[in-house]
Amino acid sequence: MWPTTAEAAIAIQQELRSQVIIAPTQTPLRSVAGVDAGFEDDGRVARAAVVVLRLPDLTPIAYAVARQPAPLPYIPGLLSFREAPAILAALEQLATPPDLLICDGQGIAHPRRFGIASHLGVVTGISSIGCAKTLLIGEHDAVPDVRGGRVLLVDRGEPVGMVLRTRSGTKPVFVSPGHLVSIEQAADLVLACTTRYRLPETTRYAHNLASHGKLPLK
DNA sequence: GCGACAG
DNA sequence: ATCTTGTCGC
């Protein structure tokens, strides 16, 4: 099921990329899940957390934690193979699947247009978005320094995402659709999940649960 | 060959 | 990601 070599992992991405659908999804969405992962045992085991928030108020309504061995070392472009096994295990523990997934990483803003958000979206069939803290690929102009400021992220002449300022005075985030959402909608949804911090509440809750084993965040 | 390179 | 103190600024 999971590849053991970089070559095999890339082959899987090449095969699944054709299944990615970039198009606006039907709203209103009733829930959003933040997914993230941490590592233990010297990076050989991934510890994932999923926290589901109700929309549009962002109240936590469910969560799950799971751990799975990471089949590959970290290699730029192959991040999903380290985190997806554990994240999928956590998602399976939920009684009800969320309407949307916000991942800590890229969606189609990836060398093969198949970042972790796209991978999770295609495998689960759930709409997904990638919201990364740093750039992997692509070029962009300066981002207006106001909450909501945004500029297109372009790679090889193709629009692949949006560089979004979620808070004035802080570095922007790199948003790209994973599956079943459009670039513009992805940026709007990330903004809708962001309140007083740079990262969306979904990511903050998931990261907190994955690394500190706690949910209370305020 | 020389850089760049999600978490 | 992970190892870690203090420090700057709202």
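Numbers restart at 1 for each chain; the letters A, B, ... are given by sequence-line order, proteins then strands.
- In summary, contact between chain A and DNA chain B, defined as any nucleotide atom under 4.0 Å from a heavy atom of the protein, begins and ends at dC5(B) to dG7(B) in the 5' to 3' direction.
- Counting only distance, with no hydrogens or angles, the side chain of R113(A) and the backbone of R17(A) share no donor-acceptor pair below 3.5 Å.
- Here dA1(C) presents its P atom at 19 Å from CG of L72(A), a figure rounded to the nearest Å.
- Within 4.0 Å of Y74(A), counting heavy atoms only, lies at least one base atom of the nucleic acid.
- Here the P atom of nucleotide dT2(C) and the CZ atom of R44(A) are 15 Å apart, to the nearest Å.
- Separating the SG atom in C193(A) from the CG atom in L55(A) is a distance of 5.5 Å, to the nearest 0.5 Å.
- Across all strands shown, L78(A) has heavy atoms under 4.0 Å from base atoms, whether or not it also approaches the sugar-phosphate.
- Among the protein residues, L135(A) comes within range of the sugar-phosphate backbone only, with heavy atoms under 4.0 Å from sugar or phosphate atoms but none that close to a base.
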Item to check | Worked verdict on T134(A) versus K171(A) for side-chain contact (heavy atoms from CB on, under 4.5 Å) | outcome: CA-CA 9 Å; T134(A) 62; K171(A) 301 190 69 56; over 6 Å; no
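- Taking atom CD of E83(A) as the reference point, atom C1' of dT2(C) lies 13 Å away to the nearest angstrom.
- More than 12 heavy atoms of other residues, nucleotides or ligands sit less than 6.0 Å from atom CD of E40(A).
- H179(A) contributes a side-chain N or O that, together with a main-chain N or O of I21(A), makes up a donor-acceptor pair within less than 3.5 Å.
- Judged by distance alone, the side chain of S176(A) and the main-chain N or O of G107(A) form a donor-acceptor pair under 3.5 Å.
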Using a cutoff of under 3.5 Å, can you pull out all pairs of nitrogen or oxygen atoms linking the protein to nucleotides 4-8 of chain C, with atom names and distances?
none

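- Within 4.0 Å of G130(A), counting heavy atoms only, lies no atom of the nucleic acid at all.
- In DNA chain C, consecutive stretches of 3 or more Watson-Crick or G-U wobble pairs with both distances under 3.5 Å do not occur.
- Looking only at distances, a side-chain donor or acceptor of R156(A) sits under 3.5 Å from a matching main-chain atom of P111(A).
- Residue contacts shown for H207(A) are limited to sugar-phosphate atoms, with no base heavy atom under 4.0 Å away.
- At distances below 3.5 Å, not a single donor-acceptor pair connects side-chain atoms of R198(A) with backbone N or O atoms of T166(A).
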Checklist entry - salt bridge (charged side-chain N to carboxylate O under 4.0 Å, His left out) between R150(A) and D188(A): does it pass, once the steps are laid out? => result CA-CA 10 Å; R150(A) 60 182 72 180; D188(A) 290 339; 2.9 Å; yes
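- Using cut-offs of 30° and 60° on the angle between ring planes, the pair H119(A) and F114(A) is tilted.
- A donor-acceptor pair under 3.5 Å is formed between the side chain of D99(A) and the backbone N or O of R30(A).
- Looking at heavy-atom distances under 4.0 Å, G115(A) makes contact with a base.
- Nearer to the 5' terminus of DNA chain C, by closest-nucleotide assignment, is the contact made by A37(A) (compared with the other of A37(A) and R167(A)).
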